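One structure is given below, encoded as structure tokens.
Since we're looking at a predicted model, the values are computed, not measured. Keep in mind that the numbers below use all heavy atoms, side chains included, and drop hydrogens, waters and symmetry copies.
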Amino acid sequence: MGNYRVCVCFSRKFKVTEAEPPTDVKEAFKKYGDGGNQMSAEQLLKFLIEVQGETQLTVADADAVVRQILQKRHPITKLARQALALDDFHHYLFSADFNPPINFKVNHDMNAPLAHYFIFTGHNSYLTGNQLTSDCSDVPIIKALKKGVRVIELDIWPNSDKDDVHVLHGRTVTTPVELIRCLKSIKEHAFSASPYPVVITLEDHLTPDLQAKVAQMLTETFGEMLFVPESDSLKECPSPEELKHRIIISTKPPKEYLEASASVCKDRRNSSQRSKDSEDDVWGSEPSSLTADQEENEKSDSDKSYEDDDDATHRGHVASAYKRLIAIHAGKPKGGLKEALKIDPDKVRRLSLSEQALEKAAESHGTEIVRFTQRNILRVYPKGTRFNSSNYKPLIGWMHGAQMVAFNMQGYGRALWLMHGMFKANGGCGYVKKPDFLLSVGPNNEVFDPKAKLPVKKTLKVKVYMGDGWHLDFKQTHFDLYSPPDFYTRVGIAGVPADEIMKKTKTKEDIWTPVWDEEFTFPLTVPELALLRIEVHEYDMSEKDDFAGQTCIPISELKPGIHTVPLCNRKGEKYNSARLLMRFEFV
């Protein structure tokens with residue numbers, strides 16, 4: 001056998017070098033460690049209070065932190081010292097477990113009426129994928145509840161024998177799932193992520209007999225968990241605190257189905273080919289000229305029924321059991337948007353608008369929408385052409401006080417990342433208290449005007465120090481076949497239009513542990529609704545840049561100081577290790 005010599009034309013440089021602590025970290029250690037090479041629990045506490053804004057911590061808390069860090073960093077060595085070295089201090093700051101950017105605990109007042117909260121809301125919660133051909137199942141409902149979603153939407157239809165109730169997306173080829181299965185799964189998982197109430201919005205296409213069957217199913221499945229209002233309609237919504245571990249039903253009362261039934265059936269025959277919730281044509285006209293009758297033909301969560309039974313007495317009797325369970329009445333009064341936004345001091349109700357309908361209404365009725373949402377519930381849902389289960393920008397809904405900005409939770413993309421970001425607030429419990437300016441009324445009965453030009457209220461300075469952890473979450477060749485990745489970070493604001501902006505760092509080439517050390521300044525006119533958007537990408541000269549993580553953080557909950565920002569994948573699931581070290585300062 002002869003000898004062969006192999007020529008290696010390139011070397012694979014995959015060595016991961018650990019970056020040293022940033023200058024700011026070294027300086028903080030020097031300052032609070034009084035120039036020494038160790039930091040005691042008392043010194044750490046001073047740093048936590050003065051730099052990190054952790055004013056409620058005690059020496060005992062700081063002592064526990066020091067012990068935990070030393071135990072994690074030096075598990076085998078019995079250390080004589082009970083103080084942190086610089087590397088320990090840096091490890092503490094660059095740990096998502098020890099040092100996250102927000103506190104994950106309920107910190108909002110939960111005793112206000114339900115209408116005073118933004119609520120984590122799903123759209124067509126039973127669909128596994130797209131809006132036209134995917135399977136209907138209880139699995140996406142369970143997933144949503146485990147993520148803290150508090151409003152579940154079910155479209156209910158008669159089965160082919162007209163003797164049972166199925167959940168499916170009407171006038172599509174989605175395969176159905178039995179209603180009872182969905183209800184049982186809701187019961188089992190409703191409070192796994194949050195103790196606060198779950199609202200089931202029903203889009204009802206049933207005969208009175210089947211409505212009675214649904215009433216029985218709801219009562220038998222949920223029992224005491226089911227919130228049944230004492231009177232025919234709620235004068236004011238109870239609070240999330242009062243409704244802990246309760247299930248609330250919201251749909252259109254049967255009485256209104258009966259009135260609308262004749263015209264709806266006729267119109268339905270004429271427009272059966274239209275896709276569900278396609279309000280595009282109807283809402284192309286001026287919102288003020290739109291009539292409730294036109295609206296009836298569209299989805300708008302109008303929960304219609306299509307029975308031909310003329311025995312009104314029978315219908316009324318059978319429907320009453322069902323009607324009694326409806327806590328939040330849905331529906332649109334006749335007479336267009338102006339009528340729809342009128343406030344009844346004796347009755348809370350829910351109005352539904354598509355994303356385009358809201359945009360059009362906001363052009364001319366912005367303050368009326370804000371006033372309406374101070375007492376009543378506004379639900380916004382995706383336009384009917386989003387067949388791929390994509391989503392829209394949620395901010396227009398939140399700016400106008402809309403509590404239920406309904407999203408396709410099985411979708412992907414930046415809009416859903418914003419939704420995830422908003423509901424990280426308040427401990428991820430699915431209820432976020434609306435800012436006071438959306439709830440207050442001025443001396444001249446004026447309310448917040450979403451169109452008003454506002455001064456800068458607060459400025460956020462963000463420093464992006466460094467990143468790490470990708471080498472543990474991704475294969476060595478994931479980003480580049482022959483060299484380490486070239487990462488850059490995009491950082492910016494999602495919020496009211498005046499505040500929205502994205503900026504980016506320089507690209508750091510050929511390194512798994514990039515150090516950027518760049519600072520950005522963001523003036524905010526409405527910091528209460530602003531979200532900090534963070535994305536990491538890997539620069540690719542020849543193709544589209546690779547995705548390397550994202551997250552959104554509610555600025556209202558952002559802790560000042562140096563913190564670790566854990567990154568998530570496209571679905572919003574946290575990576576095990578990929579993270580950024582950042583500093584936040586309000587000026």
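When the shell of 6.0 Å around OH of Y412 is examined, it contains 12 or fewer heavy atoms from other residues, nucleotides or ligands. Counted within 6.0 Å of NZ on K184, heavy atoms from surrounding residues, nucleotides or ligands total 12 or fewer; the atom is thus considered open. Shown here is K30, whose NZ atom has no more than 12 heavy atoms of other residues, nucleotides or ligands within 6.0 Å. Counted within 6.0 Å of CD on E573, heavy atoms from surrounding residues, nucleotides or ligands total more than 12; the atom is thus considered enclosed. Crowding of Q71 atom CD: a count of heavy atoms from other residues, nucleotides or ligands under 6.0 Å not exceeding 12.
Judged by distance alone, the side chains of N99 and Y92 never bring a donor and an acceptor atom under 3.5 Å apart. Side-chain contact check for E50 and Y32: at least one donor-acceptor pair (N or O, by modelled atom type) lies under 3.5 Å. No side-chain donor-acceptor contact under 3.5 Å links E188 and S185. With hydrogens and angles left out, the side-chain atoms of D499 and T525 include a donor and acceptor closer than 3.5 Å. E18 and H90 share no donor-acceptor pair across their side chains, judged by distance under 3.5 Å alone. Checking D97 against S95 by side-chain atom types alone, no donor-acceptor pair falls below 3.5 Å. With no hydrogens or angles considered, no side-chain donor-acceptor pair links S389 and N408 at under 3.5 Å.
At a threshold of 4.5 Å between non-hydrogen side-chain atoms, the residues L84 and I69 count as touching. Using a 4.5 Å heavy-atom threshold, the side chains of L145 and V198 count as touching. Inter-residue side-chain proximity for L358 and I369 is flagged as met; some heavy-atom pair is nearer than 4.5 Å. H537 is not listed as a side-chain neighbour of Y539, based on a closest heavy-atom distance of 4.5 Å or more. Residues I200 and I186 meet the side-chain proximity criterion, which asks for heavy atoms closer than 4.5 Å. Inter-residue side-chain proximity for P100 and T564 is flagged as unmet; no heavy-atom pair is nearer than 4.5 Å. A heavy-atom distance below 4.5 Å is not found between the side chains of D88 and V66. Taking 4.5 Å as the limit, every side-chain heavy atom of Y482 sits out of range of all side-chain heavy atoms of T477.
In terms of heavy atoms, G469 sits closest to S577 at O-CB, 3.5 Å. Listed here is the closest heavy atom pair of P527 and K458: CG-CB, 4.0 Å. Between L395 and L418 the shortest heavy-atom distance is CD2-CD1, 4.1 Å. A pairwise comparison of heavy atoms in P566 and P101 identifies CD-CD, 4.2 Å as the closest pair. Shortest non-hydrogen contact noted between A112 and P240 is O-CD, 3.2 Å. Here the shortest heavy-atom pairing between Y431 and R150 reads CE1-CG, 3.5 Å.
E355 and K393 are not joined by a salt bridge, as no carboxylate oxygen comes within less than 4.0 angstrom of a charged side-chain nitrogen. Salt bridge absent: D540 and K544 never bring a charged side-chain N and a carboxylate O closer than 4.0 Å. Between E528 and K433 there is no salt bridge, since no side-chain nitrogen of the basic residue lies less than 4.0 Å from a carboxylate oxygen of the acidic one.
Judged by distance alone, the side chain of E519 and the main-chain N or O of K463 form no donor-acceptor pair under 3.5 Å. Put simply, the side chain of S194 never gets that close to the backbone of F191: no donor and acceptor are under 3.5 Å apart. Side chain of N426 to backbone of C429: no donor-acceptor contact under 3.5 angstrom is found. Proximity of a side-chain donor or acceptor of R533 to a complementary backbone N or O of L531 within less than 3.5 Å is not detected. The main-chain N or O of E538 is never found under 3.5 Å from a side-chain atom of D546 such that the two would form a donor-acceptor pair. Looking only at distances, a side-chain donor or acceptor of T128 sits under 3.5 Å from a matching main-chain atom of D135. For R583 (side chain) and Y465 (main-chain N/O), no donor-acceptor pair under 3.5 Å exists by modelled atom type. Distance alone, capped at 3.5 Å, is enough to place a donor-acceptor pair between the Q403 side chain and the L378 backbone. Between the side chain of N103 and the backbone N or O of K105, no donor-acceptor pair lies under 3.5 Å. Using modelled atom types, no side-chain atom of D468 and backbone atom of T513 make a donor-acceptor pair closer than 3.5 Å.
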Residues I248, L114; criterion side-chain contact (heavy atoms from CB on, under 4.5 Å); working and verdict: CA-CA 11 Å; I248 299 163; L114 223 54; 4.1 Å; yes

query: Step by step, would you call T133 with N130 a side chain to side chain donor-acceptor pair (under 3.5 Å)?
result: CA-CA 6 Å; T133 59; N130 71 57; 3.0 Å; yes

- request: Please assess L580 against M466 for the test side-chain contact (heavy atoms from CB on, under 4.5 Å), listing each intermediate value before the final yes or no.
  value: CA-CA 6 Å; L580 300 176; M466 60 199 292; over 6 Å; no

- request: For side-chain contact (heavy atoms from CB on, under 4.5 Å), just list the numbers for C136 and L127, CA-CA rounded to whole Å, side-chain angles, deciding distance to a tenth of an Å, and then say yes or no.
  value: CA-CA 5 Å; C136 301; L127 288 178; 3.9 Å; yes

message: Determine whether F89 and F47 satisfy the following criterion, side-chain contact (heavy atoms from CB on, under 4.5 Å), listing intermediate values before the conclusion.
response: CA-CA 11 Å; F89 180 60; F47 165 79; 3.7 Å; yes

- request: Please step through side chain to side chain donor-acceptor pair (under 3.5 Å) for the pair H123 and Q410, ending with a clear verdict.
  value: CA-CA 9 Å; H123 171 254; Q410 76 279 30; over 6 Å; no

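For the ring pair (Phe, Tyr, Trp, His ring centres under 6.0 Å) with F407, the lone residue among F120, W417, Y392 that qualifies is Y392. The only option from W516, F547, F479, F474 that meets the ring pair (Phe, Tyr, Trp, His ring centres under 6.0 Å) definition with F487 turns out to be F479. Residue T551 is tested with K574, R579, K424, H420 for a side chain to side chain donor-acceptor pair (under 3.5 Å); the sole match is K424. With E535 as the fixed residue, the side chain to side chain donor-acceptor pair (under 3.5 Å) test singles out one of K504, Q550, R490: R490.
The six-membered or imidazole ring of F423 lies away from that of F118, with a centre-to-centre distance of 6.0 Å or more.
A cation-pi geometry, defined here as NZ or CZ lying under 6.0 Å from the six-membered ring centre and within 45° of its normal, holds between K503 and F522.
Between the NE2 atom in H563 and the CG atom in L93 there is a gap of 8.5 Å [rounded to 0.5 Å].
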